[in-house]
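Working notes, beginning with the structure itself.
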Amino acid sequence: MDTEATRVTQSYLEHLGADDVALVRAAADAPPGGEQAPVDELLGDLRVRQALFGGAGAAEPLLGVSPFLMFAVAVHGVADNLGSMTYVTEWLGPHLRAPVFDVEPLRDFLHAPRRRLFLAELLASYTHVASGSVLVATRRGLRRHRFSELDPVRLAGLLEVVPEADRPGILRRLGDLSLFLTGVFPDQVANRGFGPIEEARLRRAGAATVPVGGPAADGEWLGIDRGGAVGLLERLGRRWYRAAYERMGRPVPVELAVIGELPGRFDHARRILNLVTDQFLFARREQWFGLGSS
């Protein structure tokens with residue numbers, strides 16, 4: 001029977017190789033024959049976590065183990081750890097954290113299998129990023145517009161030059177990038193910041209998603225600087241996710257429903273990625289994502 005649970009399991013299997021599945025089942029001591037638990041139900045098993053992240057004897061990243069498996073186990077591990085946590089640390093600035101005792105919204109976010117899958121897919125998508133250029137017709141002839149999926153300024157610039165049909169995908173990817181950078185590399189984003197021209201371009205790209213004559217859905221923030229570069233990306237990320245969801249065809253496929261939730265729950269997803277990074281990914285970020293750690 002085609003249930004939501006079986007569809008989620010199938011989505012995991014589309015990302016996991018045979019060696020990944022074998023490792024998970026072996027680590028969880030799953031019986032080889034008879035009725036087997038779906039592999040995604042085993043990702044939160046402590047023994048699987050220890051096999052991948054547990055020090056001596058743990059799998060080396062990028063050596064026979066897919067990055068997606070590492071990220072999926074990390075996300076499930078945070079979901080498991082949150083069950084006994086009474087507070088989480090909130091990012092306030094480079095090397096600056098403060099305790100926040102409102103843990104229940106994070107537990108609730110990770111309770112949904114689709115959201116756990118979404119975060120693992122998001123992280124895996126940044127292990128191989130797209131970059132290049134597109135030709136744009138101008139009054140002075142054709143020119144190249146360069147872009148990178150890891151550069152929010154250049155990526156946002158595509159909104160001004162691509163056909164309307166391509167904008168939902170770019171808006172979605174801008175939301176993803178905002179969540180990824182603020183969740184996994186907030187210190188680097190804060191330390192680098194955005195120059196005046198870069199910030200103006202980002203704000204213009206955010207303002208362009210508001211319907212003509214309509215108010216900003218999340219307040220008149222575009223002229224107010226709150227929280228530096230990280231705060232700006234958080235606010236833009238909410239806006240870009242909202243705009244992407246509004247432009248999707250109806251009915252929205254169930255696997256994309258989380259996009260519609262993220263404008264209101266961006267901070268929950270970002271805090272979870274902060275935890276995933278702090279608890280599991282910090283030492284290996286450069287190997288997976290190619291961004292400097294500072």
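Throughout, numbering of the chain's residues begins at 1 and tracks the sequence. Side chains are part of it too, since the values below use all heavy atoms of this structure and drop only hydrogens, waters and symmetry mates.
Salt-bridge formation is detected for the pair Glu104/Arg107: a Lys NZ or Arg NE/NH1/NH2 atom is positioned less than 4.0 Å from an Asp or Glu carboxylate oxygen. Ion pairing between Arg270 and Glu90 holds under the 4.0 Å rule for side-chain N and carboxylate O.
Judged by a 6.0 Å distance limit and a 45° cone about the ring axis, Arg271 is not positioned over the six-membered ring of Tyr87. For the pair Arg285 and Phe282, the distance from NZ or CZ to the six-membered ring centre is under 6.0 Å and the angle to the ring normal is within 45 degrees. A cation-pi arrangement is found for Arg250 relative to Tyr245, the charged atom lying closer than 6.0 Å to the ring centre and inside a 45° cone about the ring normal.
With contacts defined as side-chain heavy-atom distances shorter than 4.5 Å, the pair Phe266/Ser178 qualifies. Side-chain contact between Trp240 and Leu177 is absent, with no heavy-atom pair separated by less than 4.5 Å. The side-chain heavy atoms of Leu273 and Leu123, taken from C-beta on, include a pair separated by under 4.5 Å.
Annotation: Arg25, atom CZ; neighbour count of heavy atoms from other residues, nucleotides and ligands within 6.0 Å is above 12.
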Just list the side-chain donor-acceptor pairs under 3.5 Å for residues 253-261, sequence neighbours left out, or say none.
| residue | atom | partner | partner atom | Å |
| --- | --- | --- | --- | --- |
| Glu261 | OE1 | Arg115 | NE | 2.8 |

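Partners of Asp108 by side-chain hydrogen bond (donor to acceptor under 3.5 Å, both in side chains), not counting sequence neighbours, listed by chain and number: Arg265. With sequence neighbours left out, the salt bridge (charged side-chain N to carboxylate O under 4.0 Å, His left out) criterion links Arg172 to Asp176. Residues that satisfy the salt bridge (charged side-chain N to carboxylate O under 4.0 Å, His left out) test with Asp80, not counting sequence neighbours, are Arg49. Phe280 pairs by the ring pair (Phe, Tyr, Trp, His ring centres under 6.0 Å) definition with Phe53, not counting sequence neighbours.
Looking at Leu42, Leu52, Val78 one by one, the single match for side chain to side chain contact (heavy atoms under 4.5 Å, CB included) with Val73 turns out to be Leu52.
In terms of modelled atom types and a separation under 3.5 Å, the side chain of Asn274 and the main chain of Thr182 share a donor-acceptor contact. Asp20 places a side-chain N or O within donor-acceptor distance of the main-chain N or O of Ser66, the cut-off being under 3.5 Å. Although no hydrogens or angles enter the test, the distance criterion places a donor-acceptor pair under 3.5 Å between the side chain of Arg239 and the main chain of Gly206.
Note: Leu16 CG to Leu69 CG = 6.0 Å, rounded to the nearest 0.5 Å. Taken from OH in Tyr241 to CZ in Arg173, the straight-line distance is 8.5 Å, to the nearest 0.5 Å. The CZ atom of Arg116 sits 13.0 Å away from atom CD of Glu121, with the distance rounded to the nearest 0.5 Å. In this structure, CG on Asn81 lies 13.0 Å from NE2 on His76, to the nearest 0.5 angstrom. Atoms CG and OH, on Leu43 and Tyr12 in that order, are 6.0 Å from each other to the nearest 0.5 Å. With values rounded to the nearest 0.5 angstrom, Glu149 atom CD is found 10.0 Å from Ile170 atom CD1.
The cluster map of Ile, Leu, Val, Met, Phe, Trp and Tyr, joined by side-chain heavy atoms under 4.5 Å apart, puts Leu122 and Val252 in the same cluster.
For an aromatic pair to be called close, the ring centres must be under 6.0 Å apart, and Phe71 with Phe180 fails this.
Within the structure, the salt bridge (charged side-chain N to carboxylate O under 4.0 Å, His left out) test picks out the following pairs touching residues 156-171 (sequence neighbours left out): Glu160-Arg204, Glu164-Arg167, Glu164-Arg247.
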